[in-house]
There are 2 protein chains.
Amino acid sequence: MYCDTMARTKDPAVRTLLIERAAHMLRIREPITLRSLVAGTDVSTMAVYTYFGGMDGVWKALRQEGFTRLAARFATVTTSEDPVQDLTVLITAYLGNALDHPDLYRVMFDANFDLEDLKAADATLEYLVQAAERSRKTHRFHADTDPLELATQSWTIAHGLVSLVANGPLPHQTLGYGVPLLTALFISVGDNPDRCRLSVENGWKQLRLPDE
Amino acid sequence: MYCDTMARTKDPAVRTLLIERAAHMLRIREPITLRSLVAGTDVSTMAVYTYFGGMDGVWKALRQEGFTRLAARFATVTTSEDPVQDLTVLITAYLGNALDHPDLYRVMFDANFDLEDLKAADATLEYLVQAAERSRKTHRFHADTDPLELATQSWTIAHGLVSLVANGPLPHQTLGYGVPLLTALFISVGDNPDRCRLSVENGWKQLRLPDE
DNA sequence: TCCTAAAACATAGCAGTGCAATGCTATGTA
DNA sequence: TACATAGCATTGCACTGCTATGTTTTAGGA
């Protein structure tokens with residue numbers, strides 16, 4: 001057999017162009033259809049199939065984009081000497097990211113579409129796990145606290161809050177419940193109550209919500 | 001002869017027939033389209049418009065159906081002399097209902113569709129509020145505990161858990177995190193730790209998950 | 001440099017979608 | 001009997017994602 005010659009090379013720019021355009025249309029609440037996605041650009045409808053394999057592939061890429069942005073936001077969070085505060089700050093970053101991109105956030109957890117890179121999505125949770133681990137190592141949490149379990153529980157609170165607020169029935173101020181919920185959780189795994197309240201409240205100040 | 005005359009008045013049975021059929025199609029993961037919804041029945045596509053005003057109306061009715069079933073499930077929960085346990089049982093009922101009807105659950109919080117009867121949806125939260133109120137009145141919780149706030153926080157935990165499990169990436173066993181999360185929350189508003197653990201663990205035994 | 005095979009593309013068209021317009025039928029009222 | 005009204009079947013339209021077909025472009029070997 002002759003060697004597989006890669007004849008014409010795909011242009012990565014086209015791929016990101018379409019993803020960014022799709023994200024933009026999502027942001028301004030325009031319905032994303034095959035034809036509306038390529039309208040105005042100089043790419044044809046078939047390009048969507050060569051680059052993404054179909055509209056499902058576009059949504060998959062979009063879902064990945066959601067995790068990419070979340071990871072980028074997590075990466076901006078600097079660690080301090082207070083790991084409980086850091087964990088809280090990570091949660092506020094999670095909430096801020098979800099409210100900045102509510103439509104992307106909704107896609108992120110739409111199990112109808114697979115992820116292109118499952119590991120990258122899982123890696124975002126690792127930020128929370130690390131902060132929980134540091135809290136345990138510095139004796140803020142009980143020694144038998146499972147960092148992954150605590151990270152998941154924190155995540156559950158954040159997801160519950162933000163999904164009821166971003167695309168749900170609760171008003172934005174409800175996000176404030178994150179303070180008592182996280183405080184109760186952290187105290188329950190051993191943190192000193194007064195110190196915990198301080199850490200969470202200080203961390204919570206990092207919450208940045210989009211303008212309304 | 002009157003025997004072959006067709007009634008021209010709106011038949012409520014047609015409405016429930018279509019809703020039940022839509023719910024059934026949702027359950028077996030069949031796509032719900034205008035034509036597929038009426039296929040097999042003796043109602044025409046236009047009937048969907050006279051009864052629901054369009055496919056959006058069908059989804060609205062379906063969303064309402066989700067709250068109706070949740071309310072029905074809540075109604076089966078009998079109150080005991082332990083309001084904290086009762087509150088936990090209500091949460092397990094919430095989780096059980098969501099996992100019995102994961103597709104309906106997803107529709108319930110899809111803000112793309114309005115609700116026909118917003119009050120009926122709000123009323124379901126009232127079950128939780130009442131249990132929280134009884135916990136406060138029996139001095140399980142601090143006197144200054146706001147029952148609505150605590151109910152909403154419990155709801156947030158339940159929703160976060162179940163939405164990450166039912167249509168999300170977490171395995172079913174993750175639901176078990178409900179025990180430590182609720183316990184931490186109830187203790188944080190004043191309940192006696194040991195007594196709280198007993199109440200939550202006892203209440204959690206009422207969790208009924210669908211067979212897999 | 002030229003040739004060839006395969007990748008990428010453009011076009012047209014298909015089956016399927018929700019929905020509106022039209023006109024018919026059955027009922028209620030005068 | 002005459003008319004008004006409500007429900008609904010039929011038809012057709014604008015749109016969807018997608019595919020079949022033919023053309024263009026490009027990489028790699030001779």
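So that the names make sense, note that chain A is the first sequence line, chain B the second, and so on, each numbered from 1. All values below were derived from every heavy atom in this structure, side-chain atoms included, with hydrogens, water molecules and symmetry-related copies excluded.
- In this structure, A:Tyr51 atom OH and C:dA7 atom C1' are separated by 11 Å, rounded to whole Å.
- Scanning for salt bridge (charged side-chain N to carboxylate O under 4.0 Å, His left out) contacts around A:Asp122 gives an empty result, with sequence neighbours left out.
- Going from atom CG of A:Leu90 over to atom CG of A:Leu95 covers 11.0 Å, rounded to the nearest 0.5 Å.
- Heavy-atom distances under 4.0 Å link DNA chain D to no residue of residues 26-34 of chain B.
- Look at CZ on B:Phe52: it is 17 Å from P on C:dA20, rounded to the nearest Å.
- Going from atom CZ of A:Arg15 over to atom P of C:dC9 covers 13 Å, rounded to whole Å.
- With sequence neighbours left out, B:Pro12 forms a side-chain contact (heavy atoms from CB on, under 4.5 Å) with no residue at all.
- When the local axes at the two ends of the helix from C:dT1-D:dA30 to C:dA30-D:dT1 are compared, using 5 base pairs at each end, they differ in direction by 10° after rounding to 10°.
- The side-chain hydrogen bond (donor to acceptor under 3.5 Å, both in side chains) analysis of residues 19-30 of chain B, with sequence neighbours excluded, yields the pairs B:Arg29-B:Asp103.
- With sequence neighbours left out, A:Ser36 forms a side-chain contact (heavy atoms from CB on, under 4.5 Å) with A:Met25, A:Thr33.
- Distance B:Leu37 CG to C:dG18 C1': 12 Å, rounded to the nearest Å.
- Rounded to an integer number of Å, the gap from CG of B:Asp56 to P of C:dC19 is 6 Å.
- Every residue meeting the salt bridge (charged side-chain N to carboxylate O under 4.0 Å, His left out) condition with A:Asp100, not counting sequence neighbours, appears here in chain and number order: A:Arg73.
- A search for salt bridge (charged side-chain N to carboxylate O under 4.0 Å, His left out) contacts involving A:Arg15 returns A:Glu116, not counting sequence neighbours.
- Evaluation of the side-chain hydrogen bond (donor to acceptor under 3.5 Å, both in side chains) rule for B:Lys137 yields no partner, not counting sequence neighbours.
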Test B:Asp82 against B:Ser199 for side chain to side chain donor-acceptor pair (under 3.5 Å), laying out the working first.
-> CA-CA 7 Å; B:Asp82 185 340; B:Ser199 294; 2.6 Å; yes
Please tabulate, one pair per line, each protein N/O and nucleotide N/O from nucleotides 10-13 of chain C that are separated by under 3.5 Å, including the distance.
| unit_1 | atom_1 | unit_2 | atom_2 | d |
| --- | --- | --- | --- | --- |
| C:dA10 | OP2 | A:Ser44 | N | 3.3 |
| C:dA10 | OP2 | A:Ser44 | OG | 2.7 |
| C:dG13 | O6 | A:Arg35 | NH2 | 3.2 |

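- By the side-chain hydrogen bond (donor to acceptor under 3.5 Å, both in side chains) test, B:Trp155 pairs with B:Tyr94, sequence neighbours left out.
- Residues that satisfy the side-chain hydrogen bond (donor to acceptor under 3.5 Å, both in side chains) test with A:Ser135, not counting sequence neighbours, are absent from this structure.
- Residue A:Tyr49 places its side chain closer to D:dG17 than to any other of C:dC19, D:dG17, D:dC8.
- Residue A:Thr50 has no polar side-chain atom (N or O) positioned under 4.0 Å from OP1 or OP2 of C:dA8.
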